[in-house]
Amino acid sequence: MEAGRTNDLPYIKRTKDGRINIKSGNKIDLVVKWTLIILSILTVMAFFFFNYIGLQWDRAIPETAHNLRVMFLEPALNHFSWGEAFYQVGITVGLGVLATVIGAVIALFLALMAAENLSRPWISKSIRAVVAVIRAVPTVLWVLIFAIAAGLGSEAAVLGMLFHSTAYLVKAFSEAFEEVDAGILEALRATGANWWHVVTHGVLPSTFTYILSWVFLRFEINFGVAVAMGAAAGAGGIGFELFMASGFYFDLREVGFITYAILIIAVVLEIISTQLKNRYFPASTNN
Amino acid sequence: MTLLQVKGLGKSYNSETQVLKNVDFEVNAGEFVSIIGPSGAGKSTLLRCINRMVEINEGKVIFDNADVGSLKKKELRKLRTNIGMVFQHYNLVPRLTVIENVLHGRFGYKTTMQGIMGRFTEEEKEHAFMLLKKLGIEDHAYKRCDQLSGGQQQRVGICRALIQEPKLVLCDEPIASLDPNSSKVIMDHLKSITTDMGITCLVNLHQVEVAQDYSDRIIGLRKGEIVFDGPSKLLHEDQINHIYGTELRELITV
Amino acid sequence: MTLLQVKGLGKSYNSETQVLKNVDFEVNAGEFVSIIGPSGAGKSTLLRCINRMVEINEGKVIFDNADVGSLKKKELRKLRTNIGMVFQHYNLVPRLTVIENVLHGRFGYKTTMQGIMGRFTEEEKEHAFMLLKKLGIEDHAYKRCDQLSGGQQQRVGICRALIQEPKLVLCDEPIASLDPNSSKVIMDHLKSITTDMGITCLVNLHQVEVAQDYSDRIIGLRKGEIVFDGPSKLLHEDQINHIYGTELRELITV
Amino acid sequence: MNEKKMRKSRMQTVVFLLIIIIVTYLSAAITEFNFLDGLATIPKALGWMAGNLLITAETLERLPAIMEKLLETIFMSIAATTIAAILSIFLGLMGSKTTKVNNIFSIFARLIASISRNIPVVAWSLILLISFGQNSVTGFLALFVGTLGFLTRAFIESIDEASQDAVEALQATGATYFQIVNKAVIPQSLPQMLSWILFMIETNIRSATLVGILTGTGIGYTFDLYYKSLNYNAVALVTITIVIAVLIIDSISNRIRRVIL
Amino acid sequence: ACSEDSEGAGAAEVDDVINIVWYPNESGNDMKASRDEIGRVITEATGKEVEHQLTTDYAIAIETLINNNADLAFMGAQGYIEAKNGNDAVTPLVVPSGESGTLDDAIYYSWLAVNVDDQDNYKVDGEFSLDTIAGKNFSFVSNSSTSGFVVPSSSILAHFNEQEEYADLVQEDLMEGGPLFEQVLFGGSHQGSAVNLLNGNADVAAFCDTCVENYVDVAEGDVNTVGAVYKVKDDAAEPFNTVTGKEFTLMSVTPVLNAPFAANLDVLGQEDFDTLKALFTSDEVANNEKIFVPEDSGEPGLFFKSADERFVEAEDSWFDPIRELSK
Ligand SMILES: Nc1ncnc2c1ncn2[C@@H]1O[C@H](COP(=O)(O)OP(=O)(O)OP(=O)(O)O)[C@@H](O)[C@H]1O
Ligand SMILES: Nc1ncnc2c1ncn2[C@@H]1O[C@H](COP(=O)(O)OP(=O)(O)OP(=O)(O)O)[C@@H](O)[C@H]1O
Ligand SMILES: [Mg+2]
Ligand SMILES: [Mg+2]
């Protein structure tokens with residue numbers, strides 16, 4: 001280290017070969033570095049672990065290219081009409097809306113109880129634990145359970161989606177609540193306000209845009225889930241048509257059409273949600 | 001008339017360090033008292049003990065003949081309505097309008113339901129406007145608070161404290177985040193609260209000279225103990241040095 | 001020797017408002033010049049025109065005999081290595097160490113590849129440590145910048161500017177975010193850059209008294225025009241009032 | 001600014017809530033959803049779970065096979081996320097306002113992100129299944145495409161959030177574009193990005209179940225097989241292993257996040 | 001969608017909607033006319049509204065009937081047996097007969113098929129031999145399918161269990177690649193399984209005759225005999241439109257009992273059950289060309305008429321042979 005340098009100063013760290021170190025080697029850098037290294041190793045390992053049976057790259061890649069071309073350049077409707085398509089898309093959007101809105105309402109109350117700054121530690125901890133487990137169960141299992149036990153239909157799809165949706169939002173909301181400036185809560189409490197006053201006039205107004213953003217994000221996710229789950233739960237929707245078109249008819253053109261429909265809806269929803277957010281709840285108004 | 005009595009107050013957040021030790025003082029109605037002391041001396045903690053935003057460990061705080069430490073939840077709310085509080089960072093709800101923030105000061109007088117619905121009487125609203133006008137920010141009443149400058153926000157904070165119709169106003173470094181001009185405006189307003197409205201003011205300050213200019217009496221706190229308590233004019237160089245340790249302050253001490 | 005010439009400089013960000021109008025001045029090597037003026041006067045814009053962080057609309061900036069406005073991309077990089085810049089908010093990369101941030105000042109001398117690989121020579125590193133020592137923060141060399149106080153961060157910013165071995169250092173309100181003590185430290189350091197190292201300093205300041213205390217010469221800017229240019233001691237009350245409009249400054253002007 | 005304007009903003013809130021209520025009502029109508037019916041089925045569903053989702057000693061024998069599949073799924077998610085992340089960094093740099101090279105690239109990057117994100121992972125699975133067949137690569141690709149879109153968007157945000165100040169300072173020292181990106185932008189946004197990557201790995205393991213069902217790969221396929229043979233005991237076991245895996249990964253990433261953020 | 005049938009298993013109430021669950025095979029749009037016609041005659045006979053529940057999955061369909069969430073299901077014999085195991089109220093309503101119009105030939109055939117061009121790989125001494133399918137890519141329909149899984153897997157097991165190497169093989173081992181096959185695919189429907197074969201994803205596929213009837217013609221040999229070659233029609237509907245003209249040959253043919261309409265008596269109620277039984281077995285239905293589509297019309301449909309096909313009653317015990325297979 002102090003490799004016989006005359007002008008060496010105690011505050012300079014050197015590497016073994018006598019060069020000056022400029023990295024601090026602190027815990028954060030170390031954790032970041034090792035996380036990246038481990039992820040890379042796991043990724044490389046993954047490719048040895050995969051099962052490649054039945055995979056023919058030479059066939060699959062040109063075929064995918066061809067299929068994508070057919071799908072996106074020659075979309076067509078063969079098994080149902082435009083009207084039907086609209087209706088089915090409507091169902092899927094509807095499932096997404098229901099799961100999101102109901103989930104958000106339930107999540108709002110649970111999140112108030114789960115936020116550490118608004119609740120008692122044991123309530124907050126237990127809600128968090130339950131929510132973490134619910135989130136870990138794949139949505140598809142919830143949907144299948146409800147489809148089996150409650151019968152095919154939108155109830156099964158929505159309830160199945162609701163579990164994950166709610167749990168996800170509870171986590172997001174409670175984190176947003178916890179970020180509310182402690183000073184605001186303190187100031188309101190200092191005026192003699194009670195818990196409900198603080199929540200309705202301090203916490204909710206401060207976090208409304210976050211809550212809304214999360215709800216819209218979750219809606220996007222739920223729309224995607226509804227495509228899959230509508231079909232599985234027998235609630236129908238564009239996902240059923242997609243499943244039939246790709247799994248049953250093997251009709252790429254129709255798959256293409258449906259994909260476009262989903263894509264357009266997703267983009268439109270995104271635009272609408274951004275507009276709504278900007279219009280009704282701007283982060284800051286300039287007037 | 002003694003409004004506030006602090007007797008042998010002791011406070012520690014954890015077992016290791018005693019933040020306040022045996023603090024004793026009295027404040028008469030209508031006084032303007034400044035508390036000065038270095039960072040970490042316990043100034044904020046002292047103020048928070050007075051309206052029990054933090055629990056009191058030892059000793060007693062008696063406000064308006066009530067023993068603050070022993071109050072039940074309901075009574076505590078009642079007590080807090082009688083004590084306004086003004087913060088360094090204003091602590092307004094940024095997304096709400098000025099007038100809404102001011103009216104928050106009335107929550108202590110409301111039932112849960114009234115509060116949730118945001119029901120305020122016309123008198124309360126008029127009172128709020130009156131206060132805004134008094135502090136010269138009535139023009140901004142319908143602006144969102146995050147659009148105001150720091151000085152304006154602090155005036156909203158003062159309005160919120162005043163609409164509580166308090167007997168005492170606690171101010172925790174009300175001008176530490178403000179520029180010189182705004183600081184003057186705020187200090188002038190606080191002073192006039194005592195002189196015009198007769199409300200007692202207890203103000204934490206970092207700026208010794210400001211404290212000397214404005215207050216009737218200064219309490220010097222150091223490491224949780226009162227090391228000076230007396231009229232402003234008796235605070236001299238050596239006392240200041242004692243309060244702040246031996247460091248000499250250089251450049252811009254104001 | 002004239003290091004910097006600004007001739008008839010004009011700048012507008014949009015067609016509506018002219019931010020700088022016909023600004024003319026010269027700075028000699030080794031001068032310490034302060035630019036004062038109210039908020040929005042165009043102080044920051046003026047500094048940014050000098051190293052062409054913003055494009056120049058009218059007039060010329062001649063630095064070290066090069067016409068800044070007409071430089072190609074490569075030459076511009078070269079120019080910027082000769083001009084250090086210090087910012088109000090320090091503008092350090094918060095997650096990197098102090099020493100890394102200082103060495104960023106050497107990028108202008110590196111090829112893209114060297115810069116990406118983070119290859120710095122031992123001399124550069126030693127130079128960096130030397131500068132840190134000079135500004136008294138060598139102990140923090142391996143700390144992350146976001147763990148330092150404002151004053152310490154600003155000293156890192158100054159080191160980053162100095163390691164460029166610049167002929168001119170531009171400082172945009174270097175002490176506006178600092179507390180009084182740190183402000184003094186920073187201003188002392190800037191002053192010593194000129195006196196000890198002979199590097200020219202051009203400093204934007206809000207605090208008139210500080211400008212008067214430290215600089216050889218003061219330029220007063222108002223609404224994009226130079227309304228005062230002369231030795232500090234010739235700046236009197238009425239000129240200050242002229243620069244800042246007619247408002248009288250009250251309380252704590254420093 | 002006056003009281004009218006404040007009333008108007010109140011009105012807007014009311015209108016907004018009304019819109020939500022109407023949209024919800026319409027959704028319930030078109031999907032024939034009945035909330036009360038739905039509520040009534042919850043006890044039934046819970047009862048069904050209690051009656052059927054039991055792990056028996058016999059099912060435990062399948063644990064090794066299940067674990068192997070689970071591992072495949074975890075690897076699949078990690079590989080898909082990591083590789084998508086590498087690509088997303090470039091797309092993110094191209095797409096971000098701070099670091100974009102030019103508008104065309106920026107729009108291109110955002111477009112790719114938008115398309116790959118907005119086509120649900122289900123659709124990708126079914127599309128890829130057609131030509132890639134039933135193997136890990138299909139599942140990997142399906143996860144990869146969805147992740148790419150999501151991460152690109154998240155990275156664009158992280159990069160935008162990274163303070164512009166340091167970028168400006170480096171510009172002023174005469175640094176080049178790549179130096180600035182490498183030394184000012186990446187160091188600032190890396191922890192945030194890593195946090196998103198960890199989040200995505202966890203999400204992908206969960207969606208790998210669905211993707212697995214659709215593409216016949218990994219734990220999802222195992223789940224599907226048992227479920228289709230109405231072997232609910234095994235389904236329960238599979239689910240528990242997934243839940244445990246997700247919880248473990250969740251807590252690891254939370255721990256990492258706590259250190260780095 | 002689902003109505004007042006949420007009282008918990010075993011105690012369902014009869015309501016005025018009749019829910020019919022269809023397997024994925026029958027959920028296609030080309031069968032819509034037939035489905036709707038069946039719905040229409042049921043409404044006519046019972047005065048109750050009919051709701052069709054289409055599925056993407058066998059298991060869901062079976063569970064729906066078990067859990068009192070549907071009145072009727074058109075399901076394979078295996079599906080019926082599983083449903084009966086799950087809920088004793090599940091009862092066969094009718095079974096489509098064979099050409100004779102009786103239960104005697106109420107059968108269809110489960111095939112193991114290979115592509116014509118590869119057929120020599122599956123022969124030993126000029127005869128098809130199951131030994132050759134070990135290590136190949138195999139496509140089933142779904143593991144709840146009678147003719148697409150239970151029947152072929154039991155005949156495969158019967159064959160291989162005699163060999164020492166595969167003596168311990170059980171049905172579950174056939175569901176995944178490894179033990180016997182290189183890879184196992186599930187087509188999800190009979191059509192899907194056949195297409196898996198024809199487009200090369202699988203080497204050998206199991207599916208049934210009636211489900212692909214609409215799409216293929218016999219090119220060589222006799223219908224439903226080993227060695228017969230089938231060719232996909234040039235105008236075949238999806239999913240066969242991508243593999244038109246391709247040919248496959250049968251390496252194994254096993255008869256399977258016809259798929260029943262099964263009812264859940266708790267949900268449907270005895271009264272409606274009797275009404276429907278009378279309705280389905282009536283000549284009126286047997287002669288309804290939308291339900292029993294004349295075979296030469298070229299129209300797609302659920303059931304076809306070439307001679308005296310009709311719905312006939314079947315007892316639970318009639319399905320015992322299949323029960324034996326899946327034990
Ligand atoms: N909530 C808390 N939990 C634990 N310790 C605390 C808490 N609040 C304050 N402290 C500690 O109590 C001591 C006094 O803090 P206090 O905020 O009262 O000082 P202060 O005089 O207001 O200082 P400043 O001028 O910096 O505001 C400090 O050592 C501080 O770290
Ligand atoms: N990037 C920009 N785009 C458009 N207008 C700008 C931009 N930067 C500054 N301006 C405008 O130019 C004018 C001068 O700004 P400048 O920042 O130079 O003033 P300043 O004297 O530095 O003020 P301050 O003391 O507040 O920093 C202001 O009116 C400002 O709004
Ligand atoms: Mg304090
Ligand atoms: Mg400026």
Side-chain angles (χ1 to χ4, degrees), chain A residues 27-28 31-32 35 39-40 42-43 45-47 49-55 60 63-64 67 71 90-91 93-95 97-98 101 132-133 136-138 140-141 144-146 148-150 153-155 158-159 224 227-228 235 239 242-243 246-247 250 252 255 259 262-263 266-267 276 280 287, chain D residues 1 12-13 16 20 23-24 26-28 30-34 37-38 41-42 44-45 48-49 71-72 75-76 78-79 82-83 114-115 118-123 126-137 140 190-191 194 197 206 209-210 213 227 239 242-243 246-247 250 256 259-260:
Chain A
K27 198 172 162 198
I28 297 176
V31 169
V32 168
T35 312
L39 285 181
S40 315
L42 289 177
T43 304
M45 272 169 69
F47 285 97
F49 205 82
F50 280 178
N51 111 47
Y52 293 99
I53 298 163
L55 177 69
E63 202 177 306
T64 311
N67 287 348
M71 276 170 51
I91 288 183
V93 172
L95 293 174
V97 168
L98 288 171
V101 172
V133 173
V137 178
V140 56
L141 181 80
L144 292 177
I145 288 171
F146 278 94
I148 288 169
S154 56
E155 283 85 2
V158 171
L159 288 172
V227 171
L242 177 65
F243 179 86
S246 74
F250 295 94
L252 287 172
V255 171
T259 310
I262 294 173
L263 184 62
V267 170
L276 274 181
Y280 289 110
N287 37 16
Chain D
M1 265 301 175
Q12 283 189 333
T13 313
F16 180 77
I20 291 197
V23 168
T24 311
L26 287 180
S27 303
I30 194 173
T31 56
E32 296 170 23
F33 177 79
N34 182 326
D37 276 358
T41 62
I42 289 182
K44 200 171 162 188
W48 186 90
M49 282 168 75
L71 210 61
E72 181 187 342
F75 272 128
M76 208 158 81
I78 292 180
T82 318
I83 295 190
S114 176
I115 289 180
N118 280 325
I119 297 179
V121 69
V122 197
L126 293 171
I127 293 167
L128 291 163
L129 182 62
I130 296 175
S131 31
F132 275 86
Q134 203 172 315
N135 56 54
S136 307
V137 175
F140 164 79
L190 191 61
L194 196 58
I197 292 175
R206 229 180 290 113
T209 317
L210 179 60
I213 291 176
Y227 153 71
T239 309
I242 298 176
V243 169
V246 171
L247 288 179
D250 193 27
I256 294 179
V259 175
I260 62 177

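Chain identifiers are assigned alphabetically (A, B, ...) following the order of the sequence lines, protein sequences preceding nucleic acid strands; residue numbering begins at 1 within each chain.
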[X] versus [Y], closest heavy-atom pair with distance:
X        : Y        : result
A/Val133 : D/Val243 : CG1-CG1, 4.3 Å
A/Ser154 : D/Phe33  : OG-CA, 3.4 Å
A/Val267 : D/Ser114 : CG2-OG, 4.1 Å
A/Glu155 : D/Asn34  : OE2-N, 3.0 Å
A/Val137 : D/Arg206 : O-CD, 4.2 Å
A/Ile91  : D/Thr31  : O-CG2, 3.4 Å

- Message: I need the D/Ile242 CD1 to A/Leu141 CG distance, nearest 0.5 Å.
- Response: 8.0 Å

- Message: With rounding to the nearest 0.5 angstrom, report the CD1 to OG1 distance, A/Ile145 to D/Thr41.
- Response: 12.0 Å

Among [options], which residue forms the greatest number of heavy-atom pairs with chain A at distances under 4.5 Å?
options                                : value
D/Ile197, D/Leu71, D/Asp250            : D/Leu71
D/Val121, D/Ile260, D/Leu128, D/Ile213 : D/Ile260
D/Thr209, D/Val122, D/Leu190, D/Val259 : D/Val259

Can you tell me which portion of [X] sits under 4.5 Å from chain D's heavy atoms? Options are side chain, backbone, both or neither.
X        : result
A/Val101 : side chain
A/Val140 : side chain
A/Leu159 : side chain

- Could you tell me whether D/Phe75 and A/Phe47 have their ring centroids closer than 6.0 angstrom? no

Any idea which of [options] has the most non-hydrogen atom pairs under 4.5 angstrom with chain D?
options                              : result
A/Leu144, A/Leu242, A/Leu95          : A/Leu144
A/Leu252, A/Val97, A/Val227          : A/Val97
A/Ser40, A/Ala132, A/Gly90, A/Ala266 : A/Ala266
A/Pro138, A/Gly94, A/Ala136          : A/Ala136

- Message: Test of understanding: with side chain to side chain contact (heavy atoms under 4.5 Å, CB included), list the residues that count as partners of A/Thr35, not counting sequence neighbours.
- Response: A/Val31, A/Leu39, D/Leu194, D/Leu198, D/Ile256

Under 4.5 Å from a heavy atom of chain A, the part of [X] involved:
X       : result
D/Thr24 : both
D/Leu26 : neither
D/Ile42 : both
D/Ile78 : both

- Message: Between D/Ile119 and A/Ile262, is the side chain to side chain contact (heavy atoms under 4.5 Å, CB included) condition met? List the steps.
- Response: CA-CA 7 Å; D/Ile119 297 179; A/Ile262 294 173; 5.7 Å; no

